Each structure stands twice: as C-alpha cells, then as structure tokens.
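Here is the structure we will look at.
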Amino acid sequence: MIDKRVRTLAEAVAGIKDGATVLCSGFGAVGEPVELLNALRDTGVRDLVCVANNAGTGDEGLAGLIRDGRVRKIVCSFPRTTDPHCFEAAYKAGKIELEIVPQGTLSERMRAGAAGIGGFFVKTSAGTKLGRGKETREIDGELYVLEKPIRGDAALCRADRADRWGNLTYRKSARNFNPLMAMAADLTVVQVREIVDLGSLDPECVATPGIFVDRIVVA
Amino acid sequence: MIDKRVRTLAEAVAGIKDGATVLCSGFGAVGEPVELLNALRDTGVRDLVCVANNAGTGDEGLAGLIRDGRVRKIVCSFPRTTDPHCFEAAYKAGKIELEIVPQGTLSERMRAGAAGIGGFFVKTSAGTKLGRGKETREIDGELYVLEKPIRGDAALCRADRADRWGNLTYRKSARNFNPLMAMAADLTVVQVREIVDLGSLDPECVATPGIFVDRIVVA
Amino acid sequence: MKPLTRRQMAWRAAQDLEDGAYVNLGIGLPTLCSDFVPEGREIVFHSENGILGMGPAPKPGEEDPDLINAGKQLTTLVPGGTYFHHNDAFLMIRGGHLDVALLGAFEVSQGGDLANWTTEDPNFPPGVGGAMDLAVGAREVRVLVEHTTKDGKPRIRKSCVYPLTAPHCVKRIYTNLAVLDVTREGIVVREMVAGLDLAGLQALTEATLILANDWKKLEAPAV
Amino acid sequence: MKPLTRRQMAWRAAQDLEDGAYVNLGIGLPTLCSDFVPEGREIVFHSENGILGMGPAPKPGEEDPDLINAGKQLTTLVPGGTYFHHNDAFLMIRGGHLDVALLGAFEVSQGGDLANWTTEDPNFPPGVGGAMDLAVGAREVRVLVEHTTKDGKPRIRKSCVYPLTAPHCVKRIYTNLAVLDVTREGIVVREMVAGLDLAGLQALTEATLILANDWKKLEAPAV
C-alpha cells in the first residue's frame, strides 16, 4: 500500500543532511512551508544551499534558518521581500552567499532538473551583468544564454489538500513554486492543510500528481 | 470585451495559408479535432506541414487531409496507429515526407516553442539513428543531443468545455497534446463540446488558460 | 508647465491598453494602472506568481491571504481568471504570450535598453525578480518613469549607467512630462505637457529627442 | 523443456514490481503485466498519454472513448489516479520519476543496448512513439521478449543488428526461457526453465551468458 503520510514534522524532514540543497517554496510567505522549515531548523542541520524566490520574511521559516546561520548560500530572484531583516543582517555580516537568478530562469532551471533536460537556451539575462560568463549562442538573430538545471536534495512544499498517494491541490496564488519544486528534488516533503480519502480529489484537478511526492504531513 | 467564440467551423479555420505548419492534436483519434481538420481540408489549403503524434486514423480529420494530398510533410512519433491506411497509401506512393521524432522530444520541442526556449539538451535519441546529425554534448558523463523548438502557424485542438475568454477543460486522456499544442502556435483554434458562462469554470481546474487560445467553436 | 502626478502617469499609460490585451504590470507605479482601465475594455492582468485575470484590491473583509500579486499585496480574481504554477506563469512571459509589460525603470537608453533592477548600491543586496524575463519576453515593453531623478538628473539617457535589465526592449516611455517612442531613428516625442517645448524637454533628457509632426499635448484628468 | 507462455512471461515480470512502484508498461506483451500484480501490492501504472493510476480494461458498458492507454485500448482509472497533459507525462519519463519501464524488444545486446523501434523493413514506415524516452528516462528498464525469433534466431545478441532505441539501458530481461540481468561482467542467468541447462540456453543466445551461483528454476503458474 502506498502511504506517504507521516505523523510529525520531525519525521517529515528527517534525513536532510548538512550541505544539502533544499528547494524552499513560497512567494514571500504565501505558499511557504513555514512549519517544515522550522522543523528543519530544529534538526540542527547546517551549511544548506537554499533555492527560493525570496530570502525569508519575518523570523520564521526560511528567515529563521538564515537567522540561525544554517544557510551557507541562497539562490533566489529577489532577496528583499516584506520584512527581510534576517537575510539583510546575515548578508551585511558576510555570513551568507547570494546568487541572484532571474525568476523565470530560476523556475525553468528547476523544471529542467525535473524533466531530464541537460541545459537550455533563453534570452533572459543575455547582454546583462547576470549573463556574464555564461555560454551564449545566436539563434535566429537573437542572443541566448545557456542555463543549467537545478535539482534539490530535498524540496519543502506547502499544499492545501492531499491524499495518501501524495496527490496535491493548492489554493489560489499559494500554488506558485510548489508544483515546480515538488518535481525537482530527490526527496519531496509537503505540509498540507488536510488529508482526504484516496479518490476524493478530482483527477482532472490534481495540480501535483503523487509521483512527485515522498512525504506528506498535516501542519 | 473578449469573445473568442466563432459561429462556424469555416470561420474557425479561416486564414490558415498554403504551406502553413499546423499542430494537429490528438493521440490517435482521442482528443483529435476531427471537425476542425475536416473544415481545414474544405478550405482547399495545400502543402501543409502537419505536426501530430500519429498520422491519421480512418478517413476523417488528419487522415482526410493526407488522403486528399494536402499534407506535404508530417512530423510525428508514430505514424502507424489504428487504421492508418490514408497515410500508408500516401507514403508508399512517395507523396508525403515523414519526419520521425521521439514522442517526448516532439512534446518538449513544442513546449520550447511555447516557452521562448531557443534549444535544449536531452538524452533521448543520443547514440541512435534518430540522433545522427544532431549537435551532441556530454553533460555529467552522459551524452545529450541539442533539440530545437517547434512552433505552429496554427494549432487545431479539441477540448471539453470553454468560456468566452478561451479557458479550457478536457476529459480524461483526451487532454493529451491539446494543452501543449494550444500554447505553441501563432493561431490556436479549439473545438469544444460546450461553451459555458464566464466564471463558471473552476479557476483551480482550468487546464488551458485563455491566453493561449484565439478561437473557439462548438463542434 | 505642470507635470503629471504619479496617478496621472498611470492613467495615461492605461489609456493605451487595448481591449482584450494580456498585460503584466510591474511592481510600484505600473500597478496603479489597473485602476484606470477605460470603461468597456476587458484587460486581463497577469501576475508572475500564477494568476491571469487579477482584479482590484479586495474590499475590507474579503481579503484572502493566499491571493496576492507580484508586489505581495492582497488582490482578487475576476470571473474568467485562472491560477497556475510559476513555471507556466513564466512560460507565458518568456514565450511571447503577453501583449504588454508595463514596467518601472531607473533609466532607459536611446536604443531602448532598460535598467530597472539594481543601482549597485552596496548597502542593499541586489534583486531582479521577474524583470529580465518580462523585458525580453513580452511582445511590447512599455515603461512608466519620472522624467528625471529627484535631483534633476535625466533618466532617459544616451546609454544606461546602471546595469541593464535587457538591451533594446523598450518601445514606449510614459513620464510625468511626455510620452516617448523608441524608434530606429531615435526617441520620438509623441506628447508633452502644456508649457513645455522640445528645447525644454531636451534639457531634461540626455538622449536626443525628435519631435513628432503630429505631437499632442499630454493631458490627464485629475485622478 | 517447457517455455513459458506469453501470459506466463508477463506474470513473471509482474512478480518483480514492488509495492508502490510507478511503472510504465510498453505496448503489447508488457501491457499484460497489469493483470498479474501480486495481491496486496499497489502499483501505479503510468501512460504516456497523460495518465497515472491506470486500472484494468473496462467492464462491458463502462467503456469511455476518452480514456485509452498508450496502445490505444480502452482503459480505466483507479482511485488516486490523475490526468495531465503529454508534456507532463514525458517530464515524468525523462526526469527519472518512473521506477520501472517494462518494454518489448526486437533485440537486446550484451551491454544492455535496446533495439525495439524499427526493423528497417522498407514496406513499413518507421515509428518510435515514446520508446526512446522511456529507454533513457526510467530509473530501471526491463525487457519482456521471446528468447528467439520465430525462426530460432537469437534476440539476445553480442550487439544489436537493428537500429538502437538507446544504448546501455536494459537492466533485466524476461524471456520465455530465462530471467537475465545485464551486468558489467556480462549477462547473468538468474532463472531458467526446467529441462534447460546453460549450454542449451547459450545455444539460443548470441551474447555470452554467465550462470548465477544461486540460479533458480523459472516457474510460473498456469495463467
């Protein structure tokens, strides 16, 4: 029987090791798996590379991991979102490495990681500072840069409803990076509002099929 | 006001020119926009390049276009599906050009066309006859080939329900190539079972947002 | 001479959004445009966090914390609106599916280069968000920007001083003083506020301006 | 010696599908495996036309023309099953999300090369379908194939004569005579039908075989 439910947040994040690359979902605080990120901090794990859109908001979740010095490097598109004081303090103190990636490129690099794409050409960042050092190619008269896939050792996600197979639905704009990051990691852990019976999610409306999900926990 | 509804099949396919590249959806006959393809044949258009998974089944739809000599070239993964006699006759008579593309590569090439990706590396076909002549690259010790985007001048698709903005839902495995081809063409025309009031499709369950759709017709 | 207010600038930019257009509004000033869509036009607003069909800000009591725009403000969905994930949102952007991206700017160059993501201030970590994707992906990029900086330095320059968001992408510029088009021949003045002539506008602009034969007075209602 | 029937071959391959596995069954012989999943195991069958959680063939009267498998036969969906588009179906395949692809073959080489898409018969147009994507993308590729052609020629060869589907991809081979693993050392015989010895099996195989120390008799119930 397939049963991806785990009972505790600690079980949910078990096994994520020092130095791991962790995809941290959410757009600002919306869709952010705050409780999973807090539980990850409680494991004592260190030297993380976190991939996220922002760099934490307030003091919980990703911000808490950064505040407690657990994040060696953050790969994100826009670190300064609402109340980024944890990140700003770490950045000014030189305690965190920052890699800025355009939001669409960040998203597409994770999709490539999920889809077995070894690399891809996009126009985004061509001819800019963020495109420097990247392989370029002229395609049909326009300049493209080669981008490489990103995969996580783990992805921490948040959804609305799940069944025991790990099928997921989301609410409104809280979907954001969740379906994408869920596909792009070796271990995908999802906190959900509610777990429902197998077969009660509409098969036409599941946004993340369970094949991408390893563990679900209610939080 | 946005109103993508057209009244007749003839209006729906108007403007597709000789020599056009037409993305023809469907997996075999399931999800195939048979009535749109028949209407396209009735326009008298010639020298089409059709991109499809198969090469027509029976005598209607894509098969009819091929039988009537309107298709100069077909790009597909598997020409011989259920009852492919129109294609087989044209092929044996040397009247149609055939380009075989692995199904996943075909799908990904159209997505690249839809997504502004200039090219991408995949392992599929590397080291095989279908990979010959393609640029290759070793990435992390494995051989990849470079694939290029496909875009259609037009895409003909089939959906279950639509609203006047062109938002679409599908039924079961009739979804197949439809959402993908709908994104990858300059003109996307969709035949649907039913048109419903704006706002009556669940915004969480729309499989093709209307931005990709130009015309809808009930058929 | 009476420059437009920020709300008037947004009003002016909104007048050019055609019925049925799919539009992404950048964070800040461009976001205001959604308040000024001319009566009778249906514009579909796109947000890079997975929304098509964004509506106005929610009424008190109708806020939903799971429904925000790209600027992380609470928003709403209109009938016909849909949700999707981030990757599909950027497929729409990069794949040329948006008719217009209306963006803010630090600078625009004579050749249409856009600089809007970093001033390289060492006190602030940089952040690019979706700006570069929008700049290369939308079918038409328009910019809403004050004509000069607070201390009077031109923002429309021969070439950008700040790092580029994308080269050669801007088509039209709305400022508090003028409406300008980036063309092969140079930057063409389509509209100017009353009391300003080409010499006066040129004095506030580093790029060389060309006055359109059919230029008009830039006017906006009190909004 | 009594070779397995085709249904017995499918039965044998099905015994190795672990509880919880995500599995794609190739067209033809592999499709039969879904009838023989051992009691108590939940296997999620994937179909490249956008289905996870395919069930058995529909009962008479319950057929839905919009619900077919990759072989274009009518099928069903089990509770927990989902639908998605072709591109997501192949993202699952190419991205290494499937545990097992069970495929048919014309030939398999000693090094695990697979040839299953064309015999280059000039009378038939070629067709590859999803075979190449499955061969490179699934975490483990297993093959179900008659040990020899109808006229007795070996299908397990030193190198493939027919054009490859993918090099070095096959891990395990189920034939009507044996279960074989492709290893670095060569092709290892794990099971053989009663009445056959290594010399007898080798005589029907072009690739060099190695007998596993713990080899077993290949047995299947009458299915």
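Proteins come first, then strands; the chains are lettered A, B, ... in the order of their sequence lines, and each starts at number 1. Keep in mind that this is a model prediction, so the values were computed, not measured.
Using a 4.5 Å cut-off between heavy atoms, Ile211(A) touches chain D through backbone and side chain atoms alike.
For the residue pair Pro209(A) and Leu52(D), the shortest heavy atom distance occurs at CB-CD1, 3.7 Å. In this structure, Tyr22(D) and Trp165(A) approach most closely via the heavy-atom pair OH-O, 4.0 Å.
Enclosure of atom CZ in Phe36(D) by more than 12 non-hydrogen atoms of other residues, nucleotides or ligands within 6.0 angstrom is indicated. For Asp140(A), the CG atom is loosely surrounded, since the number of other residues' heavy atoms within 6.0 Å does not exceed 12. Remark: Lys17(A) NZ is loosely packed, at most 12 non-hydrogen atoms of other residues, nucleotides or ligands lying under 6.0 Å away. Taking a 6.0 Å sphere around NZ of Lys158(D), one finds it holds more than 12 heavy atoms contributed by other residues, nucleotides or ligands.
For the options Cys205(A), Ala114(A), Ser200(A), Pro149(A), heavy-atom pairs under 4.5 Å to chain D are most numerous at Ala114(A).
For residues 63-97 of chain D, heavy-atom neighbours of chain A at less than 4.5 Å comprise Leu77(D), Val78(D), Pro79(D), Gly80(D), Gly81(D), Thr82(D), Tyr83(D), Phe84(D), Asn87(D), Leu91(D), Met92(D), Arg94(D), Gly95(D), His97(D), sorted by residue number.
Here the CG atom belonging to Asp3(A) is positioned 10.5 Å from the CG atom belonging to Asp19(D), to the nearest 0.5 angstrom.
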